[in-house]
Protein chains: 2
Amino acid sequence: MGTTQLESVPEPKYWHLKTVLTEALDSEFSVGEILPNERDLAARFGVARATLRQALEQLELEGRLQRRRGVGTTVAPPRVGVAVGTEQHAWPGAASDAWQPVDCEQAAPPASVAAALETGADEPVHTVRRSRMSHGQPVATELLYVPAASVPDLTAIDTPSGAARARAVLRELQHLSLESQDRAVELGSARADDAKELDRLPGSPVLVVTTRFFAAGRTAALSVATYRADTCRLTFGDSPDVEIHHDPERRAS
Amino acid sequence: MGTTQLESVPEPKYWHLKTVLTEALDSEFSVGEILPNERDLAARFGVARATLRQALEQLELEGRLQRRRGVGTTVAPPRVGVAVGTEQHAWPGAASDAWQPVDCEQAAPPASVAAALETGADEPVHTVRRSRMSHGQPVATELLYVPAASVPDLTAIDTPSGAARARAVLRELQHLSLESQDRAVELGSARADDAKELDRLPGSPVLVVTTRFFAAGRTAALSVATYRADTCRLTFGDSPDVEIHHDPERRAS
DNA sequence: GAGTGGTCTAGACCACCGC
DNA sequence: CGGTGGTCTAGACCACTCT
């Protein structure tokens, strides 16, 4: 008797808040517009600031909002499509692949990288840093690991430093014939240095694209690219210029 | 004078906590082991429970931990590689593509889907639900939108319902010749129904893979697949069986 | 300096699981 | 039922940006 519990599954406040805010964003706000600050918003919805923030966090994760400390919260533009699968059967650095060489150092790679390269822990590896821009904003950073054995003609003498050295490594790489490659995408959180370069806070969600390049029966290079998950949609198709804008958090059909 | 601020950039507590916990996971714990509960852990580290949870949340996002309400926190196994790019030039449903038909209904799709299908809002669309398992665990759910025009021989009469109807739609799809396809990956948060099927809470981070199938100069089908971001690594390469286990949050080199 | 988002606290209660 | 993680509160202070 009595307890006709139609409210048996009360959805969390932050979830409901997110729904309300999503609808407001769709109907009442335009891209770039700044929202009221968190204290005001929380008061307006009658919740604690922490609860409001939980909703904002998810909306930022979904690419709907952009928050910047000291500035405010703004409505984010639709995610940019970033082509990741077009350079099939081409070495990194070939014919302008949207990446910009930044730096290069020869050092022992992390253990996980050494394992993937199937190389000894003592074998020297060139570590090339590159970055990628889109619409004037940095969208990705990359660490490209190239075993010294893959670029035998490159001596320590004739490689100056910094970007020039990075370009030299990439140039040497073109001499090998690429047999195949291998890609994987997973979710990660930004390291401190990547976060700085991507203009985000450490720990921000990122899409990590790991690519292995095979040549001469070996893993000739390994690329670990870190894309901003909030602003990027990685495209793999034959026509990378399309814009779908599918809502990652869509309402029930 | 005095203030020789070598501590000028104090890293947040939760960040430091995460580092400590990561190292502990690497050295002192094995897969499947259960951690102390959050209240004990927080007390042990001398922080508030909310602060500890912030660290745990990131570790779960990175696939290092698995938390389940009412049960506890356990050390997660390495992410499973899930092949996403092998069915090149093949229709969904062809020759066992790891997906299992669940359901099918004929309804008006969300606006964003209708736009991607370049179909009128009034044109009927078959919506096939499928799910994907790996290692006995559900890893993905999919909504496959097939405009009625793509499967003209399928009448409402001879399609029973549920999984059988889903299979019928997939079977009819094979009659078209697939011209090309298009893929995109982005971060999203799980809808309530997807979350339930993936054994996660609503809002959990997911990788949304949107695939468009082209035939006869049209978009003949649209697939929106939702993968658990904490447990999955999407693989696109020619050899999907490899295991890299690259640490998404790796320490400085 | 004023205003923003980011971090942190010490509590409370709830929803869920397994015994 | 007891124990777990999930939600929520009402504060406080900090780091940052802009003016």
Side-chain angles (χ1 to χ4, degrees), chain A residues 3 5 7-19 21 33-61 65-76 189-190 192 195-196 199-205 230, chain B residues 3 5 7-19 21 33-61 65-76 189-190 192 195-196 199-205 230:
Chain A
T3 66
Q5 47 188 25
E7 276 301 320
S8 62
V9 185
E11 68 183 353
K13 279 190 184 178
Y14 79 91
W15 187 263
H16 180 240
L17 248 185
K18 198 183 99 174
T19 306
L21 286 171
E33 202 167 341
I34 68 177
L35 269 62
N37 71 57
E38 298 182 349
R39 290 161 180 86
D40 286 353
L41 274 180
R44 178 177 315 188
F45 287 108
V47 299
R49 192 177 155 221
T51 304
L52 174 80
R53 279 180 60 81
Q54 206 170 345
L56 294 185
E57 257 152 47
Q58 286 216 5
L59 289 173
E60 188 178 32
L61 185 101
L65 293 180
Q66 192 145 357
R67 296 191 290 172
R68 304 182 62 170
R69 166 155 49 178
V71 179
T73 303
T74 60
V75 180
S189 51
K196 188 173 182 181
D199 194 24
R200 297 263 61 200
L201 287 178
S204 309
D230 56 343
Chain B
T3 65
Q5 47 188 27
E7 277 300 320
S8 62
V9 186
E11 67 182 355
K13 279 190 185 178
Y14 80 92
W15 187 263
H16 180 242
L17 247 186
K18 197 182 101 172
T19 305
L21 287 171
E33 202 167 341
I34 67 176
L35 269 62
N37 71 56
E38 297 182 348
R39 290 160 180 88
D40 286 354
L41 274 180
R44 179 176 314 188
F45 287 107
V47 299
R49 191 176 155 220
T51 304
L52 174 80
R53 279 180 61 81
Q54 206 170 344
L56 294 185
E57 256 153 46
Q58 285 216 6
L59 289 173
E60 189 178 30
L61 185 102
L65 292 181
Q66 193 144 358
R67 296 190 291 173
R68 304 183 65 171
R69 168 154 49 177
V71 180
T73 303
T74 61
V75 180
S189 51
K196 187 174 182 181
D199 193 25
R200 299 261 59 200
L201 288 177
S204 308
D230 55 342

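So that the names make sense, note that chain A is the first sequence line, chain B the second, and so on, each numbered from 1.
- Within the model, atoms CG of A:Leu56 and CG of A:Leu35 stand 7.5 Å from one another, a figure rounded to the nearest 0.5 Å.
- Residue A:Thr73 holds its OG1 atom at 10.0 Å from CG of A:Leu59, rounded to the nearest 0.5 Å.
- Between the CZ atom of B:Arg67 and the P atom of D:dT4 there is a distance of 14 Å, given to the nearest Å.
- Contact check, B:Thr73 against D:dG5: a side-chain N or O comes under 4.0 Å of OP1 or OP2.
- Note: CG (A:Leu201) to C1' (D:dC16) measures 10 Å, nearest angstrom.
- Counting to the nearest Å, the P atom of D:dT4 and the CG atom of B:Leu65 are 16 Å from each other.
- Ionic pairing of A:Glu11 and A:Lys18 is not present here: no N-O contact between side-chain nitrogen and carboxylate oxygen is shorter than 4.0 angstrom.
- In this structure, OH of B:Tyr14 is placed 7 Å from P of C:dC8, rounded to the nearest angstrom.
- Rounding to the nearest 0.5 Å gives a distance of 7.5 Å between CG of B:Leu65 and CG of B:Leu21.
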Listed pairs under 3.5 Å, donor-acceptor, residues 39-48 of chain B side chains, sequence neighbours left out:
{"residue": "B:Asp40", "atom": "OD2", "partner": "B:Asn37", "partner atom": "ND2", "Å": "3.4"}

Between the protein and nucleotides 17-19 of chain C, are there any N/O to N/O pairs under 3.5 Å, and if so, what are the atom names and distances?
none

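- In this structure, the CD atom of B:Gln54 is 17 Å from the P atom of D:dC8, given to the nearest Å.
- Look at CD on B:Glu57: it is 8 Å from P on D:dG6, rounded to the nearest Å.
- Remark: A:Ile34 engages A:Thr74 in a side chain to side chain contact (heavy atoms under 4.5 Å, CB included) (not counting sequence neighbours).
- Partners of B:Glu57 according to the side chain to side chain donor-acceptor pair (under 3.5 Å) rule, which considers only residues two or more places apart in sequence or in another chain, do not exist here.
- For B:Pro12, the side chain to side chain contact (heavy atoms under 4.5 Å, CB included) partners are B:Tyr14, B:Trp15, not counting sequence neighbours.
- If you take CG of B:Leu35 and P of D:dT4, they are 12 Å apart, rounded to a whole angstrom.
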Using nucleotides 9-11 of chain D, report all nitrogen or oxygen pairs with the protein that are shorter than 3.5 Å.
{"residue": "D:dT9", "atom": "OP1", "partner": "A:Lys13", "partner atom": "NZ", "Å": "2.9"}
{"residue": "D:dT9", "atom": "OP2", "partner": "A:Ala48", "partner atom": "N", "Å": "2.8"}
{"residue": "D:dT9", "atom": "OP2", "partner": "A:Thr51", "partner atom": "OG1", "Å": "2.4"}

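- Under the rule for a side chain to side chain contact (heavy atoms under 4.5 Å, CB included), the partners of B:Ala76 that lie at least two apart in sequence or sit in another chain are B:Gln66.
- Within residues 37-44 of chain B, the residues approached by DNA chain C to less than 4.0 Å at the level of any non-hydrogen atom are B:Arg39, in residue-number order.
- The CD atom of A:Gln66 sits 14 Å away from the P atom of D:dT17 (whole-angstrom rounding).
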Item to check | Step-by-step side-chain contact (heavy atoms from CB on, under 4.5 Å) determination, B:Leu52 to B:Leu17 | outcome: CA-CA 7 Å; B:Leu52 174 80; B:Leu17 247 186; 4.1 Å; yes
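- With sequence neighbours excluded, the residues satisfying side chain to side chain donor-acceptor pair (under 3.5 Å) with B:Glu38 are B:Arg49, B:Arg53, B:Arg67.
- For B:Arg53, counting side-chain heavy atoms from C-beta on, the closest listed nucleotide (D:dC8, C:dG6, D:dG5) is D:dG5.
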